[in-house]
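Order of appearance sets the numbers: ligands from 1, and atoms from 1 within every ligand. Throughout, residue positions are numbered sequentially from 1 according to the sequence presented.
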Amino acid sequence: MAKKTDYKFCFGPWNISEGQDPYGPTVRKPQTFDWKLSQLKAHGFDAMMFHDDDAVPDIDSKSAAQVLKEAKALKKRLDNLGIAAEMVAPRLWFHPSTIDGAYTSNDPKCRAYAIDRSRLSIDIAHELDTDILVLWLAREGSYIRESKDARRCVDLLVTAFDKMLAHDKGIRLAIEPKPNEPMDHAYIPTIGHALAVAQLTRDPKRVGCLIESAHATLAGLDPADEIDFACAFGKLWSLHLNDQNGLKYDQDRPFGCTNLRSAFDQVRSLERNCYGQRGEYVCFDVHPFRTTKEEHWMAHLVNSRSTFLHLLEKARSFDEKSAQKLVADRDYQNLDQMVIEHLLGR
Ligand code: XUL
Ligand code: MN
């Protein structure tokens, strides 16, 4: 029998968010970073994900030396608490230099800013002892098709990735595709696009991906199939499990809350690909509903983890033998019902 994975879990400080949306302000007072760290351990999580400015606040106002000093101090705090840093991601969508995109901005000065900041993020990752740089390419796309040359933008992305790969021989780039929001259309909307672009870089072996369930759903794809596809290439290096109710704004709902069967299929796919056995983490990129009271602030994370563990039990207790008999008989009708009954606990 295959070895059972002992899954490790993580989330980011932004997942304990204050409820702001485009139509209204925050509804919960911000929590301190220390509180977030203490909650992480208390609720059975093992690691934290970091944007570069989660790790070092106000990063743009500090010298590189100061940034690295603060990253070192953070690493000490994490070590003392027994918390790992899962990844670092450059936040390339807040600064004025990223208004028209970062690596694909039409302005060469803005592109230079994006690459410099990415290199600094890699140095932070190094200090935090993670070899994963996550790239959610937030503004690499267009609102107006004629504003950018999409062919040239592919070249610009490859140029930027090559500079990052050259900067640190140990870093691995995990591209997190998302088809839209904030852009009308993103240049890297799916895992297929991410892995294709990886092949154009100077070191394709160090360019892989991160799948977010909601992003796959927004692309009209099945998250479980995306997981299998990435794993067929050995390129699934991180994962943002959550849920999404149809084709609308990115919802980051608790894992399994909208489509329990899809969540079950994602867990099955992780299991058959032995995800987690090479040190990968299960991360939940989920947000509390705006209505959430401060005293229930961790519920969306705790519930996502708990649903994952329940579904893991369901995946492991699924009667594969009977399922295979139905498959051999092309009786998908009863296979369908078998899955439903299993999820209903019958
Ligand atoms: C955006 C998103 C980000 C990335 C990290 O939709 O998912 O939080 O996961 O930059
Ligand atoms: Mn994400």
Side chain, backbone, both or neither: Arg91 near ligand 1, heavy atoms under 4.0 Å: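 For Arg91, no heavy atom sits under 4.0 Å from ligand 1.
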[X]: its N/O/S atom lying closest to the Mn ion (ligand 2) (atom name):
X      : value
Asp285 : OD2
Glu212 : OE1
Glu176 : OE2

Ligand 1 atoms in contact with [X] (distance to a heavy atom under 4.0 Å):
X      : value
Asp250 : 6 (O)
His51  : 5 (C), 10 (O)
Trp14  : 8 (O)
His240 : 9 (O)
Lys178 : 6 (O)

query: Just wondering, more than 12 heavy atoms not from His287 lying within 6.0 Å of its NE2?
result: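 Counting other residues, nucleotides and ligands, NE2 of His287 exceeds 12 neighbours.
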Residues, nucleotides or ligands: over 12 heavy atoms within 6.0 Å of Arg151 CZ: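 At most 12 heavy atoms, drawn from other residues, nucleotides or ligands, come within 6.0 Å of this atom.
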message: With a cutoff of 4.0 Å, is Phe50 in contact with ligand 1, counting heavy atoms of the residue only?
response: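 It does not; every heavy atom stays at 4.0 Å or beyond.
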- prompt: Is the shortest side-chain N to carboxylate O distance from Glu271 to Arg316 below 4.0 Å?
  reply: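 Arg316 and Glu271: salt-bridged.
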- prompt: Less than 4.0 Å between a side-chain N and a carboxylate O, is that true for Arg206 and Asp131?
  reply: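 Salt bridge between Asp131 and Arg206, a charged N being under 4.0 Å from a carboxylate O: no.
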- request: Applying ring-ring contact (aromatic ring centres under 6.0 Å, His included) between Phe11 and each of Phe50, Tyr281, Phe45, report the one that passes.
  value: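 Per the ring-ring contact (aromatic ring centres under 6.0 Å, His included) rule, the option paired with Phe11 is Phe45, out of Phe50, Tyr281, Phe45.
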message: I'd like the name of whichever of Leu210, Asn15, Asp285 reaches closest to atom 7 (O) of ligand 1 through any heavy atom.
response: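 The residue whose heavy atom sits nearest atom 7 (O) of ligand 1 is Asp285.
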Winner among Met87, Glu181, Glu176 once heavy atoms are compared against atom 4 (C) of ligand 1: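 The residue whose heavy atom sits nearest atom 4 (C) of ligand 1 is Glu176.
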- prompt: Once the angle between the rings of Trp297 and Trp35 is folded into 0 to 90°, is it parallel (under 30°), tilted (30 to 60°) or perpendicular (over 60°)?
  reply: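 It falls in the tilted class, 30° to 60°.
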- prompt: Phe284 vs Phe255 aromatic rings, parallel, tilted or perpendicular, using cut-offs 30° and 60°?
  reply: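 Judged by the thresholds at 30° and 60°, the geometry between Phe284 and Phe255 is tilted.
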Polar contact flag, side-chain donor to acceptor under 3.5 angstrom, Asn273-Asp228: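 Yes.
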message: Just by distance, no angles: are the side chains of Glu70 and Gln66 close enough, under 3.5 Å, to form a donor-acceptor pair?
response: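 Gln66 and Glu70 do have a side-chain donor-acceptor pair below 3.5 Å.
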N, O or S of His240 under 2.8 Å from the Mn ion (ligand 2):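 Given the 2.8 Å cut-off, His240 counts as a ligand of the Mn ion (ligand 2).
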task: Answer yes or no as to whether an N/O/S atom of Asp252 is found below 2.8 Å from the Mn ion (ligand 2).
output: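 No, outside the cut-off.
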